[in-house]
Amino acid sequence: MNVSAERSKAIWGAPEINAPALTGSVSAEVAVIGSGVAGLSVAYELARTGMDVVVIDRGPIASGMSARTTAHLSAYTDDGFAELIRMRGLDAARLWRQSQADAIDRIEAIADALNANCDFRRLDGLLFLAPETDPKVIDSELVASAQVGMLAVKQQGAPFARHQSTPCLRFPNQATFHPLKYLTALAAAIRHAGGRLFANSPVVSVAEKDGSIQLVTGDGAHVTAAHAVVATNAPINDRLAVHAKQAPYRTYAAAYEIARDSLPDALYWDTLDPYHYVRLQPGDAQNDILIVGGEDHKTGECNNGDQRIRNLARWTRDMIPGVGTEITRWSGQILEPLDYVAFIGRNPGDEHIYIATGDSGQGMTHGAVAGLLIADLIQEKANPWTALYDPARKPIRAMGEFLRENATAAKNFAEYLTPGEISSADKLASGEGAILRRGMGKVALYRRMDGSLCERSAICTHLGCHIHWNSFEKCWDCPCHGSQFSPEGEPLNGPAATALAKTDS
Ligand SMILES: Cc1cc2nc3c(=O)[nH]c(=O)nc-3n(C[C@H](O)[C@H](O)[C@H](O)COP(=O)(O)OP(=O)(O)OC[C@H]3O[C@@H](n4cnc5c(N)ncnc54)[C@H](O)[C@@H]3O)c2cc1C
Ligand code: FES
């Protein structure tokens, strides 16, 4: 059960890329684990050069966060350029902006070359001042954008109710597309170039020994490869080195009918933190689809998804009073790197294992960056972005963020001593989950719709934090590094690769 993956299909459709499960022993030059935008981009860039590539996914192909995205393609950073310059310095911020612009160009070129028919289009991005924020932020972003080489035009007025004189920055030549149509075209091209795709094959271990990589799946299939790319969104091979430098956040999205031409086709973001993000998707003859996102919170720290969707709806109807009925609502997880730049490259401590993570709210362009950068690293070609995205870097200027975000783990470990959320399983309604103390430990209880109980250990199989129930998503979330488990304890999202332990009851 993956609630939001089902709900986002109302907008993007189901990923229809059939692939067999992996069985027996397979060898390849490169094994890519994960078939989202990062994994498929890397696989595509390598397969087209003639390399022998396999892609292995835990679930259906392209059914992870890339199937839940809202697919803004922008070279503007969602942390703001002033903040990025402060954190990484001007040269790195310039290089980051260039890499993101190049990623959009690459997506456009691939979509063209593959005839992907994926609604790719260039449009403006509009950053508009939220009433609650200091107006100076628009001017400081105007200056910072110029410093990093991003064209920005200051204007008065955004096309929303009561925003006729709101200060805004317009960024020309950003883009958007239909993510699953694009990924379907990538998958077909990988196959056409001889690549092999395997679905429903969870990888449980990735190890490098004597210059060769060994992967094992939950069903005992093996892959031997010269290189492995762990593109599982949150890397399943990393214990802490990278996970301590990023933090998992849940973000919410909803889609509404909107009469055609009632809002200019653009990407919109406000200056709040967390910010709202808005775009259009072509709909039927009369209507388009308005996709609105925001209301982010740290994973596992709130269990009020429906309230957050109501907040989004209120905000949307206040800004765009003519908006029609809600089509669907969903949520997903993003990983916020503490120094605002994703981790893409050689996994710390390994020679031939690469990762792509820390996507922030910009995982689509980061996926394309991963395609270009990791393909170059594997082919031993120089790439100007290697140091910028290096997963081994130390986020020295992000020490405050490091301490704040990693306090979650310390706080979570205190839960070993606290009472459970319910005193007895009788208190649990069908379709809900909660934590119960049993003796020295805690158990995660889920009451199935038929009334029977599923009981698992409440301890995350990554590094031992306590999981929390998520009623909106019907899953268990781990606040420490973002692992998610189904109600029955199966891993849905890394870094955990194995199921919650069964209890003795
Ligand atoms: C609501 C929402 C809105 C967003 N909006 C935007 C936006 O506007 N613009 C933007 O650029 N980004 C946006 N993002 C972020 C972006 O969608 C993601 O960062 C991006 O899709 C991540 O791609 P990925 O390939 O890293 O991960 P995924 O797409 O999650 O792919 C990872 C794959 O790895 C597989 N996997 C995991 N574990 C294993 C295992 N053990 N074995 C085998 N396979 C495994 C999963 O099944 C999955 O298919 C948004 C995200 C959300 C949730
Ligand atoms: S995700 Fe790391 S302890 Fe749960």
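Ligands are counted one by one from 1 in listed order, and the atoms in each one are counted from 1 as well.
From the protein, the heavy atom lying nearest to atom 39 (C) of ligand 1 is Thr232 CG2, 3.5 Å. In terms of protein heavy-atom proximity, atom 5 (N) of ligand 1 is closest to Thr70 OG1, 2.9 Å. Val203 N, 3.7 Å is the protein heavy atom nearest to atom 40 (C) of ligand 1. Remark: minimum distance from atom 11 (O) of ligand 1 to any protein heavy atom is reached at Met364 N, 2.8 Å. The protein atom (non-hydrogen) at minimum distance from atom 1 (S) of ligand 2 is Ser483 OG, 3.2 Å. Of the protein's non-hydrogen atoms, the one nearest atom 3 (S) of ligand 2 is Leu463 N, 3.2 Å.
Looking at Asp124 and Gln174, their side chains never bring a donor and an acceptor atom within 3.5 Å of each other. No hydrogens or angles considered: nothing links the side chains of Arg7 and Thr328 as a donor-acceptor pair under 3.5 Å. Checked by atom type, the side-chain pair Glu295/Thr251 shows no donor-acceptor distance below 3.5 Å. Side-chain polar atoms of Thr299 and Gln333 form a donor-acceptor pair below 3.5 angstrom. Ser8 and Arg68 share no donor-acceptor pair across their side chains, judged by distance under 3.5 Å alone. Side chains of Ser486 and Tyr446: no donor on one and acceptor on the other come within 3.5 Å. Side-chain contact check for Tyr76 and Glu141: at least one donor-acceptor pair (N or O, by modelled atom type) lies under 3.5 Å. A side-chain donor from one of Tyr252 and His297 sits under 3.5 Å from a side-chain acceptor of the other. Counting only N and O atoms by type, the side chains of Glu473 and Ser331 include a donor and acceptor under 3.5 Å apart. A donor-acceptor contact closer than 3.5 angstrom is absent between the side chains of Gln100 and Arg97. At a cut-off of 3.5 Å, with distance as the only test, no side-chain donor of Thr357 or Asn233 sits close to an acceptor on the other residue.
Within His481, the N, O or S atom lying nearest to atom 2 (Fe) of ligand 2 carries the name ND1. Distances from atom 2 (Fe) of ligand 2 to each N, O or S atom of His462 single out ND1 as the nearest.
Between Gly367 and ligand 1 there is no heavy-atom distance shorter than 4.0 Å. Ligand 1 lies nowhere less than 4.0 angstrom from a heavy atom belonging to His366. In this structure, Gly293 has no heavy atom closer than 4.0 Å to ligand 1. Within the 4.0 Å heavy-atom cutoff, Tyr277 counts among the residues contacting ligand 1. Within the structure, the closest approach of Gly494 to ligand 1 does not fall below 4.0 Å when heavy atoms are considered.
For the pair Arg250 and Glu301, the salt-bridge criterion is not met [side-chain N within less than 4.0 Å of a carboxylate O]. No salt bridge links Arg122 with Asp265; every basic N to acidic carboxylate O contact stays at or beyond 4.0 Å.
With ring centers used as reference points, Trp476 lies 6.0 Å or more from His468. Side-chain rings of His276 and Trp269 stay apart, their centers remaining 6.0 Å or farther from each other.
Atom 2 (C) of ligand 1 has its nearest heavy-atom neighbour, among Gln333, Arg68, Gln362, in Arg68. Of the listed options His72, Met65, Arg58, Gln100, His72 places a heavy atom closest to atom 7 (C) of ligand 1. For atom 16 (C) of ligand 1, the nearest non-hydrogen atom from the set Gly363, Gly64, Ala231, Ala62 comes from Gly363. Heavy-atom proximity to atom 33 (C) of ligand 1, evaluated over Ile33, Asp57, Asn233, is greatest for Asp57. Among Val32, Asn493, Val42, Thr69, the residue whose heavy atom lies nearest to atom 14 (N) of ligand 1 is Thr69. Considering Ala67, Gly36, Ala370, Ala5 only, the shortest heavy-atom separation from atom 31 (O) of ligand 1 involves Gly36.
For Thr217, no heavy-atom contact with ligand 1 is shorter than 4.0 Å.
Residue side and main chain included, Cys478 places an N/O/S atom under 2.8 Å of atom 4 (Fe) of ligand 2.
Taking the centre and axis of the six-membered ring of Phe81, the NZ or CZ atom of Arg88 falls outside the cone set by 45° and 6.0 Å.
Checking only distances, Gly361 does come within under 3.5 Å of ligand 1, N or O to N or O. Checked against a 3.5 angstrom limit, the closest N/O atoms of Ala71 and ligand 1 fall inside it. Between Ser331 and ligand 1, no pair of N/O atoms sits closer than 3.5 Å.
Listed by atom number, the atoms of ligand 1 under 4.0 Å from Thr251 heavy atoms are 1 (C), 2 (C), 52 (C), 53 (C). Atoms of ligand 1 found under 4.0 Å from any heavy atom of Ala38, numbered from 1 in the order shown, are 25 (O), 26 (O). Near Asp359, meaning under 4.0 Å from one of its heavy atoms, ligand 1 places the atoms 18 (C), 19 (O), 22 (C). Under a 4.0 Å criterion applied to the non-hydrogen atoms of Ile236, ligand 1 contributes the atoms 41 (N). Every atom of ligand 1 with a heavy atom of Ser35 under 4.0 Å away is listed here by number and element: 33 (C). Interface atoms of ligand 1 facing Gly34, defined by a heavy-atom separation under 4.0 Å, are 33 (C), 34 (O), 35 (C). Within the listing of ligand 1, atoms 42 (N) sit less than 4.0 angstrom from a heavy atom of Pro202. Close contacts of ligand 1 with Ile56, meaning ligand atoms under 4.0 Å from a residue heavy atom, involve 43 (C), 44 (N).
One distance of note links CD1 of Ile344 with CG of Leu377; it measures 10.5 Å at 0.5 Å rounding.
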